[in-house]
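Below is one structure, written out as structure tokens, with a few remarks after it.
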Amino acid sequence: MKIASWNVNSLKVRLPQVLDWLQAEEADVLCLQETKLTDERFPVLALQEIGYQSLYHGQSTYNGVAILSRLPLQDPRCDWPDSSDGQARICAASIGNLRIIDVYVPNGQAVDSDKYHYKLAWLARLEGLLREELQQSPNLLLLGDFNIAPTDLDVHDPAAWGEDILCSPAERAALQRLFDLGLIDLFRHQHPKTRAWSWWDYRAAGFRRDIGLRIDLLLGSKTLLPRLQEVHIDRAARAAERPSDHAPVCLTLKESA
DNA sequence: ATGGTCGCACAGCGA
């Protein structure tokens, strides 16, 4: 079973690439972030035509998440239980006994800004939601754009970034609390010492100079480790014409016995 | 080259 996460930075612009990618990779599930589409404009039919059903939760201009799947999506949940947030950043569904939660964590803009405090509050709220979800679904995959580089190994130049946004101690502590729920950074688990990025800034020729951060993460509960086959970042998609600034992060799981 | 880009929506913000 192949599952991936990709911040596409506008699904309207990236739809041809997403369709090509799904067919080339034969992915079973693709979780998207930053679709930037209202639900009325979601390309349900184009995805249906190549065999994918869609769960989507969007808004105009900003944010937006979706789960595309060749397998039936059960128990869909979009947004927070009370839908009070106003920002489309989370959706979830089950495939058999696997629970998949797709998140677009707030960027945070700058340490100590209003957006930074919103980010930390959002992550605390996510922790609460995960506690509930894990009670129901011990086999859980939390994936998406976390906008946090877990450690300095995930940063092209840790000295230059220092404790700036995406790397501040409070953000990393919030991520650690998700790990403490029993969730494991699957890329890091498979590649303990690899320096690899999933996002490269459009500015400053970031990709050409390989200046990036690993902020797109696949977190899996421990129960999934025996099924873990392979995790990689698809840099080729970031090298395409008119690319997203993020690359897809891909996971292969063996079927459960 | 010590700067530099996109996307949305149409000015300037967010990333």
Side-chain angles (χ1 to χ4, degrees), chain A residues 5-21 30-43 46 56-66 85-91 102-123 126 143-150 154-168 170-172 174-175 196-217 233-249:
Chain A
S5 172
W6 193 4
N7 179 325
V8 289
N9 185 20
S10 169
L11 185 56
K12 182 183 169 195
V13 172
R14 233 64 68 188
L15 180 62
Q17 293 179 45
V18 168
L19 295 172
D20 288 349
W21 190 88
L30 176 60
C31 293
L32 303 176
Q33 304 87 37
E34 285 205 85
T35 56
K36 300 186 177 179
L37 288 177
T38 54
D39 291 345
E40 312 84 67
R41 295 169 62 207
F42 198 87
Y56 44 91
H57 176 44
Q59 64 186 92
S60 173
T61 313
Y62 305 110
N63 309 319
V65 286
D85 187 77
Q87 301 197 17
R89 296 181 176 275
I90 183 165
C91 66
D102 179 23
V103 292
Y104 175 48
V105 176
N107 172 282
Q109 199 165 57
V111 171
D112 255 349
S113 66
D114 288 349
K115 290 187 173 69
Y116 179 76
H117 292 293
Y118 173 75
K119 178 181 196 173
L120 295 177
W122 196 95
L123 287 162
L126 178 62
L143 71 178
D145 178 357
F146 284 72
N147 271 313
I148 303 171
D154 305 303
V155 180
H156 69 92
D157 185 347
W161 273 85
E163 297 187 347
D164 279 354
I165 194 69
L166 314 186
C167 298
S168 74
E171 291 167 89
R172 286 176 169 173
L175 183 60
W197 330 130
S198 66
W199 168 78
W200 299 258
D201 203 320
Y202 285 128
R203 294 165 290 190
F207 188 67
R208 182 178 58 74
R209 300 197 292 161
D210 202 24
I211 291 172
L213 276 71
R214 191 174 69 90
I215 56 176
D216 299 271
L217 309 176
I233 299 172
D234 180 11
R235 290 175 58 103
R238 181 61 179 82
E241 284 289 313
R242 207 178 180 191
S244 167
D245 47 351
H246 296 251
V249 186

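Protein chains get the first letters and strands the later ones, always in sequence-line order, with residue 1 at the start of each. Basis for what follows: all heavy atoms, side chains included, without hydrogens, waters or symmetry-related copies.
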Mind checking the P distance from B:dA15 to B:dA9? Whole angstroms is fine.
-> 15 Å
Determine the Euclidean distance between corresponding P atoms of B:dG3 and B:dC8; express it in Å to zero decimal places.
-> 29 Å
Hey, does A:Tyr104 reach any base, or is it just sugar-phosphate, or nothing, if we go heavy atoms under 4.0 Å?
-> sugar-phosphate
Do any N or O atoms from the side chain of A:Trp6 and from the backbone of A:His246 form a donor-acceptor pair under 3.5 angstrom?
-> yes
Could you work out the separation of B:dT2 and B:dG7 based on their C1' atoms and round it to a whole Å?
-> 27 Å
Span of DNA chain B engaged by chain A, first through last nucleotide within the 4.0 Å heavy-atom cut-off, is B:dG4 to B:dA15
Under the side-chain hydrogen bond (donor to acceptor under 3.5 Å, both in side chains) rule, collect the residues that match up with A:Arg41, sequence neighbours excluded.
-> none
Under the side-chain hydrogen bond (donor to acceptor under 3.5 Å, both in side chains) test, residues paired with A:Glu40 that sit two or more places apart = A:Thr38
Go through the structure and list residues passing side-chain contact (heavy atoms from CB on, under 4.5 Å) with A:Gln59, not counting sequence neighbours.
-> A:Tyr62, A:Asn63, A:Gln87, A:Ala88
Residues two or more places apart in sequence or in another chain: which of them pass side-chain contact (heavy atoms from CB on, under 4.5 Å) with A:Asp210?
-> A:Trp197, A:Trp200, A:Arg235
Counterpart residues, salt bridge (charged side-chain N to carboxylate O under 4.0 Å, His left out), relative to A:Arg238 (two or more places apart) | none
Near DNA chain B, which residues from residues 234-247 of chain A have a heavy atom under 4.0 Å away?
-> A:Arg242
For A:Asn63 and A:Arg209, take the nucleotide of DNA chain B holding the closest heavy atom to each; which residue's nucleotide lies nearer the 5' end?
-> A:Arg209
side-chain hydrogen bond (donor to acceptor under 3.5 Å, both in side chains) partners of A:Thr35, counting only residues at least two apart = none
For A:Phe42, which residues count as a ring pair (Phe, Tyr, Trp, His ring centres under 6.0 Å) partner, sequence neighbours excluded?
-> A:Tyr56
Using heavy atoms to find the nearest nucleotide of DNA chain B for A:Lys12 and A:Asp145 separately, return the residue whose nucleotide is more 5′.
-> A:Lys12
If the P atom of B:dC10 is compared with that of B:dG14, how far apart are they to the nearest Å?
-> 15 Å
